[in-house]
Amino acid sequence: EGLRLHLSSSSSTGYKGVFADRSRFKAQRWVGREDGREVYLGSFETAVEAAVAYARAVGEYQPPAPPTVATEAEGLRLHLSSRNATGYKGVQADGDRFLARHWVDGKEAVSLGTFATPVEAAVAYARAVGE
């Protein structure tokens with residue numbers, strides 16, 4: 001669609017306007033500057049789906065974010081997953097943090113660590129799988 005997702009280091013989901021709500025993710029935004037009101041955009045299975053809804057609601061253009069040295073310098077591609085609640089392959093919620101892990105030879109799960117956001121965990125996964 002050409003939408004630019006709005007990343008946020010202060011959100012536990014990694015996306016602006018996206019919040020965890022039990023086992024789902026909700027998207028919402030504020031409208032108006034002085035007496036703004038909150039607009040509910042929906043509930044979604046993954047954080048990525050909610051982030052797309054937010055991006056659609058606020059419009060497609062967002063100034064480019066400053067480059068993330070690790071992902072751009074190494075040319076990493078994040079692995080999206082529509083079957084995973086976090087939106088990323090190899091990333092799962094672990095309390096208020098996110099666990100990254102991958103399978104070796106399809107048999108053994110190797111933990112890559114826990115991270116503050118699903119995006120950080122997805123970067124660790126991408127590094128581990130070498131893509």
Side-chain angles (χ1 to χ4, degrees):
E1 288 184 55
L3 293 173
R4 187 179 309 259
L5 301 184
H6 299 249
L7 301 178
S8 172
S9 60
S10 62
S11 170
S12 66
T13 64
Y15 298 102
K16 183 174 182 179
V18 177
F19 306 91
D21 184 23
R22 294 182 208 107
S23 63
R24 295 182 60 84
F25 296 86
K26 65 180 181 176
Q28 58 193 39
R29 66 176 287 222
W30 289 93
V31 178
R33 293 185 180 192
E34 294 177 18
D35 61 342
R37 63 183 175 85
E38 191 174 37
V39 176
Y40 177 73
L41 302 173
S43 176
F44 304 88
E45 288 188 27
T46 69
V48 173
E49 289 171 330
V52 168
Y54 179 87
R56 285 183 183 137
V58 299
E60 293 188 10
Y61 179 74
Q62 176 188 5
T68 305
V69 176
T71 58
E72 290 189 6
E74 298 177 29
L76 296 176
R77 178 181 61 88
L78 300 183
H79 299 258
L80 302 180
S81 172
S82 61
R83 292 185 281 174
N84 185 320
T86 65
Y88 297 102
K89 184 175 180 179
V91 178
Q92 69 183 56
D94 185 22
D96 62 348
R97 297 186 56 83
F98 296 87
L99 172 67
R101 64 182 180 173
H102 75 89
W103 293 90
V104 177
D105 298 326
K107 300 175 186 173
E108 179 182 357
V110 176
S111 176
L112 304 171
T114 58
F115 302 86
T117 69
V119 174
E120 291 172 354
V123 168
Y125 177 86
R127 282 190 189 121
V129 299
E131 297 178 19

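Just so we're clear, the structure is a prediction, and the values are computed from it rather than from any experiment.
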Following the transitive rule for hydrophobic clusters with a side-chain heavy-atom cut-off under 4.5 Å over Ile, Leu, Val, Met, Phe, Trp and Tyr, establish whether [X] and [Y] coincide in one cluster.
{"X": "Val39", "Y": "Phe19", "answer": "no"}
{"X": "Val52", "Y": "Val18", "answer": "yes"}
{"X": "Trp103", "Y": "Val129", "answer": "no"}

For this session: Verify side-chain contact (heavy atoms from CB on, under 4.5 Å) between Tyr15 and Val119, making sure each step is shown before the conclusion.
Result: CA-CA 9 Å; Tyr15 298 102; Val119 174; 4.2 Å; yes
Can you tell if the side chain of Glu120 reaches within under 4.5 Å of the side chain of Phe98, non-hydrogen atoms only?
no
Query raised in the report: Just wondering, do Thr117 and Ser11 contact through their side chains at under 4.5 Å, heavy atoms?
Result: no
For Ser8, the side chain to side chain donor-acceptor pair (under 3.5 Å) test, sequence neighbours excluded, returns Ser10
inquiry  = Tyr54 vs Leu5, test: side-chain contact (heavy atoms from CB on, under 4.5 Å). Steps then yes/no.
reply    = CA-CA 8 Å; Tyr54 179 87; Leu5 301 184; over 6 Å; no
When rounded to the nearest 0.5 Å, the distance separating CZ of Arg24 from NZ of Lys26 is 12.5 Å
Rounded to the nearest 0.5 angstrom, the CD-CG distance for Gln28 and Leu41 is 8.0 Å
Kindly say whether Pro118 contributes a backbone atom to a donor-acceptor pair with the side chain of Thr86 at under 3.5 angstrom? no
Heavy-atom closest pair (Ala128 atom, His102 atom, distance to 0.1 Å) is CB-CD2, 3.6 Å
For Ala50 and Ala27, the nearest pair of non-hydrogen atoms, with its separation, is O-CB, 3.5 Å
- request: Give the intermediate values and the outcome of side-chain contact (heavy atoms from CB on, under 4.5 Å) for residues Phe25 and Glu49.
  value: CA-CA 8 Å; Phe25 296 86; Glu49 289 171 330; over 6 Å; no
